[in-house]
Number of protein chains: 2
Amino acid sequence: MDDFRALLAETADRVTVAMDALLPRANGPEARVISAMRYAALGPGKRLRPFIAIEAGRMIGADETGLLRVATAIECIHAYSLVHDDLPCMDDDDVRRGRPTVHKEYDEATAVLAGDALQTFAFELLADPDTDANPNRRLELITKLAQASGAKGMVGGQMIDMSADRIDADINIITRMQRMKTGALIAFAAEAGAILSGATKDDRRALEGYAHDVGLAFQIRDDLLDAEGSLDETGKAVGKDENQGKATFVTILGLEGARDRARRLAAQAKDHLEPFGESAKLLRRAADYVLERRS
Amino acid sequence: MDDFRALLAETADRVTVAMDALLPRANGPEARVISAMRYAALGPGKRLRPFIAIEAGRMIGADETGLLRVATAIECIHAYSLVHDDLPCMDDDDVRRGRPTVHKEYDEATAVLAGDALQTFAFELLADPDTDANPNRRLELITKLAQASGAKGMVGGQMIDMSADRIDADINIITRMQRMKTGALIAFAAEAGAILSGATKDDRRALEGYAHDVGLAFQIRDDLLDAEGSLDETGKAVGKDENQGKATFVTILGLEGARDRARRLAAQAKDHLEPFGESAKLLRRAADYVLERRS
C-alpha cells in the first residue's frame with residue numbers, strides 16, 4: 001500500500017467512526033430498520049466521496065467536525081442508493097462490497113425502509129447547527145444535496161439506467177446518465193467542502209470542474225472493472241452489463257478507447273486544480289487513484 | 001356534502017394545484033420517474049394533513065404561499081410512504097384511492113425510485129426561501145419533518161407494522177406504532193403551520209396535542225373502516241388486517257371499544273384548541289370529520 005492508499009484508508013476509518021457515532025442506535029421495536037441502516041452505511045467502503053469532501057474542505061480551511069458530518073450525510077445518501085439499487089426489482093444484486101446485500105442479510109421490506117431512513121437521516125444531519133453555525137450554508141448544503149440526489153440527479157440517472165433505451169444508448173446518453181447517476185453526488189462532495197470553507201466562487205467552480213471529471217472517470221473505470229474484473233477483486237458480481245446487453249462506456253468506446261477517455265478525464269480533472277497549487281496534491285493523487293483502483 | 005366537506009374539498013383542490021405547479025415536469029430521458037412521482041402525488045386524496053397545516057397556520061396568521069409549499073412537502077412525504085408501503089415486499093396492495101398503485105401502473109423499480117425522489121423533493125421544497133424568508137424557520141421545518149418521517153417516526157412505525165411481533169401486539173405497542181407511523185406526520189402538519197406563523201410555545205404545544213389526538217383517532221377510524229368497510233367505499237382493499245392475523249385497535253378493543261376510543265380522542269383533540277376560541281372552528285370540525293369519514 002503506497003502513501004496515498006494508506007491516507008485514503010485512514011480517512012475512511014475516521015469517516016466510519018464519525019458515522020458510527022452519528023447514526024441512531026438500534027433500539028426499540030423499530031431496531032431492525034436501524035440495524036439495517038447501520039449495516040448498509042458502516043460496511044467496508046473506499047469512502048471516496050467523503051475523501052473528496054474532506055480534502056476539498058481542508059484545503060480551503062473548513063472545520064473538521066463539519067466536514068465529517070457532511071461526509072456522513074454523503075455516505076448515507078450513497079448507501080441508500082446502493083441498498084435500493086441492489087433490490088430484486090432493480091439490479092438484483094446479492095453481493096456488495098464482499099458481503100450479502102441488505103435485502104439478503106435482512107429482507108426486502110427492511111431494505112426499502114432502511115434506504116428511506118438513510119436518506120431522511122442525511123438531511124436531518126445537514127440541518128443540524130453542529131454541521132455549520134451559519135444557517136444559510138446548511139440550507140445551501142441541503143438544496144445542493146437534494147438536487148444531486150433527486151429526480152434530476154442520482155435517482156433520474158438510475159431511472160435512465162433501468163430503462164429499455166439503455167440497450168442502444170449512444171455515448172451522449174451514457175455520459176448524461178452517468179453524470180446524473182454517479183457524477184452529481186461526487187460533484188456535491190467537492191462542492192460541500194467548498195461551501196463549508198466559505199470558498200470563493202472561482203475556487204468553487206474549479207472544484208466542481210474537478211469533481212465532474214473525476215466522477216466520470218470513476219464511472220468509466222467501473223465499466224472497465226465490470227468488463228475485465230473478477231468477483232474476487234471487485235467484491236460484486238461482474239460481467240453483468242454485457243450479460244444484460246447494456247450499453248456502457250466499454251461497449252461503445254472499446255476497452256482501449258474507454259481507458260484512454262478515463263485517462264484524459266483524470267488529466268483534465270487535475271488541470272482544474274491548478275489555482276490551488278501544492279495544497280491540492282492529494283486531490284490530484286485521488287484523480288490518479290480513480291484510474292488505478294481494482295475495486 | 002355539508003359545508004365542512006365542501007371546504008375540505010376546496011382546500012384539497014388548492015393544494016393539488018400548488019403541487020402540480022411545484023413538482024418537476026416529466027421531461028428528459030428520466031421522464032418516467034417524474035411521471036410516476038406526479039401520478040402518486042397528484043392522485044385523488046382528502047389532503048387532510050395539508051388541511052391541518054393550512055388551517056393551523058391561517059388561524060395564527062401565516063402566509064398562504066408558504067403554507068401551500070409546506071402542504072406540498074407533507075403530501076410528497078405522505079405519497080412516498082404510500083408508494084413504498086404498497087410495494088409487493090411490503091403491504092402488496094394493487095389499488096390505492098381507487099386507482100392502480102404506482103408499481104402496478106408503472107413497475108416496481110419505478111415505484112421505488114419515484115418514492116425516493118418524492119422524499120428528496122419534500123426537503124428541497126422546504127429549503128427554498130419561498131417557503132419562508134427566515135432561514136432558521138426553514139431549518140426547523142426540515143429537522144422536524146426528518147424526525148417525523150425517519151427511523152424514529154413514520155419509517156420506524158412501518159417497520160414495527162411489518163414485524164412479526166405485530167401479531168400479538170398489545171394496545172401499548174399498537175398505540176406506539178401508530179403514533180410513529182401516522183401520528184408523527186399529522187402532528188408535523190399542525191406544527192408546521194405553527195412554525196410558519198411564528199406561534200408562541202403555548203400555541204405550538206396546544207396544536208401538537210390536538211394533532212397527536214387527531215392522528216390516533218384517524219388511525220383507529222382506519223382500522224374500523226378496514227374491519228367494516230367495502231373496497232367500493234374506501235378505494236382500497238379491506239379486511240386485510242384480519243386476514244393477515246394482525247393486531248389492530250379493533251381486534252384488541254372490539255368494534256364498540258375502538259369507536260369509543262376514537263370518540264374520546266376527538267373530544268380530547270378539541271379540548272386542546274380551547275385557547276384559540278372561535279378561530280379554531282374548522283380544526284374542531286376536522287376532528288369530527290375524522291370520526292365520520294367513510295374512506
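None of these values were measured; they are calculated from a predicted model.
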As a quick check of understanding, evaluate side-chain hydrogen bond (donor to acceptor under 3.5 Å, both in side chains) for A:Q119 and B:T120, giving each step before the final call.
CA-CA 8 Å; A:Q119 176 176 188; B:T120 318; 2.5 Å; yes

Evaluate the salt bridge (Lys or Arg N to Asp or Glu O under 4.0 Å) criterion for residues B:E30 and A:R176: first the C-alpha distance (whole Å), next the side-chain angles of each, then the deciding distance (0.1 Å), finally the verdict.
CA-CA 11 Å; B:E30 67 279 14; A:R176 184 193 156 112; 3.1 Å; yes

With a 4.5 angstrom heavy-atom cut-off, which part of [X] approaches chain B: side chain, backbone, both or neither?
| X | result |
| --- | --- |
| A:F123 | both |
| A:M154 | neither |
| A:L87 | side chain |

Residue selection (most heavy-atom pairs with chain B, distance under 4.5 Å) from A:Q147, A:K144, A:K152, A:M180:
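So the answer, after comparing A:Q147, A:K144, A:K152, A:M180, is A:K152.
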
Measuring from A:M162:CE to B:E108:CD, what's the distance to the nearest 0.5 Å?
10.0 Å

Heavy-atom side-chain contact between B:L139 and A:I142 under 4.5 Å
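Result yes, sub-4.5 Å side-chain heavy-atom pair found.
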
Before giving the answer on side chain to side chain contact (heavy atoms under 4.5 Å, CB included), spell out for B:V112 and A:C89 the whole-Å C-alpha distance, their side-chain angles and the decisive distance to 0.1 Å.
CA-CA 9 Å; B:V112 171; A:C89 67; 4.0 Å; yes

Is it the case that atom CZ in B:R261 sees more than 12 heavy atoms from other parts of the structure closer than 6.0 Å?
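No, not enclosed.
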
Taking all non-hydrogen atoms of both residues, which atom of B:V33 and which atom of A:A151 are closest, and how far apart?
CG1-CB, 4.3 Å

With chain B as the partner chain, list the residues of residues 70-85 of chain A whose heavy atoms fall under 4.5 Å from it, by residue number, and write 'none' if nothing qualifies.
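Listed by number, the contacting residues are A:Y80, A:H84.
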
Quick check on the structure: residues of residues 130-138 of chain B within a heavy-atom distance below 4.5 Å of chain A, by number.
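From residues 130-138 of chain B, the residues near chain A are B:P135, B:N136, B:R138.
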
After noting the C-alpha distance and the side-chain angles of A:D116 and B:D116, does the key distance pass the side chain to side chain contact (heavy atoms under 4.5 Å, CB included) rule?
CA-CA 7 Å; A:D116 290 344; B:D116 290 345; 3.5 Å; yes

Going through the checks in order, is the side chain to side chain contact (heavy atoms under 4.5 Å, CB included) test met by A:T143 and B:D128?
CA-CA 8 Å; A:T143 302; B:D128 189 292; over 6 Å; no

Sort out for me which of B:G157, B:P129, B:A127, B:A31 touches chain A most, counting heavy-atom pairs under 4.5 Å.
B:A127

So, the side chain of A:Q158 versus the backbone of B:L113: is there a donor-acceptor pair under 3.5 Å, distance only?
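No, A:Q158 side chain to B:L113 backbone: no donor-acceptor pair under 3.5 Å.
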
